[in-house]
There are 2 protein chains.
Amino acid sequence: MNNTTLKQIASQLGISITTVSKSLKGYSDVSEKTKKTVIDLAKQLNYTPNSFAVNLRTKESKTIGLIIPTLVHDFFSNVIQGILEEAEKRDYLVIILQSNEKLEFEKKQIDLLLNKRVDGILISLSNETGEFEHLKTILSHNTPLVLFDKIAKLVNCSKVTINDRKAAYDAVSYLIKKGYKKIAHFRGAYLPQNSIDRFLGYKKALEDNNIPYDSSLVYVCDNNMDFENGYENAKKIVNEHPEIDAIFAVTDLVAIGIIKYLNEVEIAIPQQIAVLGFSNWFMSSVMSPKLSTIDQPGFEIGKKSASILFDEINLKKNNSPVIFQSIELGTSIIERQST
Amino acid sequence: MNNTTLKQIASQLGISITTVSKSLKGYSDVSEKTKKTVIDLAKQLNYTPNSFAVNLRTKESKTIGLIIPTLVHDFFSNVIQGILEEAEKRDYLVIILQSNEKLEFEKKQIDLLLNKRVDGILISLSNETGEFEHLKTILSHNTPLVLFDKIAKLVNCSKVTINDRKAAYDAVSYLIKKGYKKIAHFRGAYLPQNSIDRFLGYKKALEDNNIPYDSSLVYVCDNNMDFENGYENAKKIVNEHPEIDAIFAVTDLVAIGIIKYLNEVEIAIPQQIAVLGFSNWFMSSVMSPKLSTIDQPGFEIGKKSASILFDEINLKKNNSPVIFQSIELGTSIIERQST
DNA sequence: TTGTAAGCGTTATCAT
DNA sequence: ATGATAACGCTTACAA
């Protein structure tokens, strides 16, 4: 049991709590001698400040909250790693919650974090999230908030993303340059901004290259955008549109589902149908064929988001004005075997 | 800003803080009438108790800490999900830290959690961890501790694992039953108990089936037990022991590395060499060929570990004696295409 | 250089 | 049924 308190040290040394506190915190108005005795005894008794008391006194928890849609997810796992790394540097701890792509959970979890009085909050929105009152609640509590990856453009806070539209545009342009002409798109659901932007990039690339946009070549995945979606839609499209020569998938997991199906029915990739993913999950590099994809720097997104959040926390502490940033991190095309 | 305090409510209502507190906490010795007024005003002012003060007063944080070796990891991600689910049920929050398979970090993070005064700690040990003083520190702080997956048998606390030895034994027996005779094993490093147990299971299965154990067929992966390890060791063994007809890998990631190499040099799986993994990562079901593996129930391990931890936290609160449990969850063989 | 005392926002004990 | 008061352990203005 380690429950040494300042009081105990003080009484053992026959001095006041204040002097003990000051000594331990390196204040200058304590004699070297007493300071030393205090520090020695503290060390000997294994003193650590009671964080509950410190929190109450300083009104900060040295903790931030993180809400992500799904944990079992290559991209988000990497984001978390980046966040944890930045937090550790600053002696901050991170409470992690999973919204499970549900708006309802997201709301509830925000309340939990606010009640816990975390010093800041990091969120990647659920695919369901189309209203933003709960985010504004965070702001009205004066708690720094940084949105990343799946953001709400309308909420007034810092944001860290990639340029989904441009990334998709480049991806499809690349496909066109490789000679593919009938390019289908398996897009995400209608809500998260990313799906929309990736779709828009796809469409624009076609148009800029004089390929007429054909909405019947766009298949919509449901909210999960998972393996099954890719598999099932691949089955459908092969039947409905045998003429396609490439599919641009909204995310790797969907692309992997596509590959799975094409492999099963022995449609050659990329000779008959090319497949291009998005996100560069580790998995995509060990598939057969290896999946070409867009690299989305999860780790850096995490680091940057956290670092902005901590900056804002500090600015707030000093009553300095904070200027919200919108950062876009770069992406790149990873060419492998599927295109 | 939501900083309503009991004091404010009290003064607005012209009653004492005590009465306000009691009303809000449903004590019986408050008149229905005042209780109602208090509750109404509290709701109107959006009162939420200051958790810092509550923590200080009650000496509990309603928070647990979790230390895992790696975050970008299918199995551990599933474990975390299980833990978060149990925590949420009980209105507990979870602080997550990553040891990165380093003993040094593990130690430091334990200190962080202890200083934070979390109500309990959940750990899966790093592959480096061969001494346990830091774990005993947790116990000496009287903080409930549950070890899962990678545990230390010698530490006196509850543990949740699978039976690695039996799982490996069954796995190799299955291989033998399928007719494989020269079975190699890519084992993990010498430290984590799992590696040892899986190796022991492998060895025992051979012996029980009258296949002489040949130590030259056992290749040791380094601490990371990753894709590269599988790939490189596969390259080596194909060269050094062309006679083998199966490889039992300590974990799926290693198995996937093996498959990758065998595919590249066009060694037929499983006709020439069969590959059996361990853990049943999602990835393994979308490989070509699909990987046969041992299902390790990550989600359940997480749930069970958390639930035991919360039980111990409650018992401790009631000053009831706690009896440490060692739970072993079942595994099963997932037969796919690689064996 | 050292110490007193107030206060952070609760909860709990004991009077009234 | 209600309230005064102390306490949790710390920080910090203000005295001495």
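As a basis for the values below, the full set of heavy atoms in this structure was taken, side chains included, without hydrogen atoms, waters or symmetry mates. The sequence lines fix the lettering, A, B, ..., with proteins before strands; numbering per chain opens at 1.
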Whole-Å gap separating [atom2] ([N]) and [atom1] ([X]):
{"X": "L6(A)", "N": "dC8(D)", "atom1": "CG", "atom2": "C1'", "answer": "13 Å"}
{"X": "K7(A)", "N": "dA5(C)", "atom1": "NZ", "atom2": "P", "answer": "15 Å"}
{"X": "F52(A)", "N": "dG9(D)", "atom1": "CZ", "atom2": "P", "answer": "11 Å"}
{"X": "I9(B)", "N": "dG3(D)", "atom1": "CD1", "atom2": "C1'", "answer": "17 Å"}
{"X": "K33(A)", "N": "dT2(C)", "atom1": "NZ", "atom2": "P", "answer": "9 Å"}
{"X": "L56(A)", "N": "dA7(D)", "atom1": "CG", "atom2": "P", "answer": "17 Å"}
{"X": "L13(B)", "N": "dA1(D)", "atom1": "CG", "atom2": "P", "answer": "18 Å"}
{"X": "N115(A)", "N": "dG9(C)", "atom1": "CG", "atom2": "P", "answer": "15 Å"}

TODO: Verify whether the ring centers belonging to F52(B) and F52(A) lie closer than 6.0 Å.
DONE: no
Answer yes if the side chains of [X] and [Y] hold a donor-acceptor pair under 3.5 Å, and no otherwise.
{"X": "T37(A)", "Y": "T34(A)", "result": "no"}
{"X": "R117(A)", "Y": "N55(B)", "result": "no"}
{"X": "K62(B)", "Y": "S51(B)", "result": "no"}

Task: Nucleic acid contacts - residues 14-32 of chain A versus DNA chain C, non-hydrogen atoms under 4.0 Å - done: I15(A), S16(A), T18(A), T19(A), K22(A), D29(A), V30(A), S31(A)
Open item on the list: I'd like to know if the side chain of Q193(A) reaches the main chain of A152(A), judged simply by a donor and an acceptor atom lying under 3.5 Å from each other, with no hydrogens or angles considered.
Closed with: no
TODO: Answer yes or no: does a side-chain N or O of K35(B) lie under 4.0 Å from OP1 or OP2 of dA1(D)?
DONE: no
- [ ] Indicate whether OP1 or OP2 belonging to dG9(D) is found under 4.0 Å from a side-chain N or O atom of Y47(A).
- [x] no
TODO: List in chain and number order the residues that pass salt bridge (charged side-chain N to carboxylate O under 4.0 Å, His left out) with D91(A), two or more places apart in sequence or in another chain; answer none if no residue qualifies.
DONE: none
TODO: Kindly write out the residues that satisfy salt bridge (charged side-chain N to carboxylate O under 4.0 Å, His left out) with K303(A), not counting sequence neighbours, or none if the list is empty.
DONE: E85(A), E86(A)
Task: Pair of N/O donor and acceptor under 3.5 Å linking dA12(C) base with R57(B) side chain - done: no
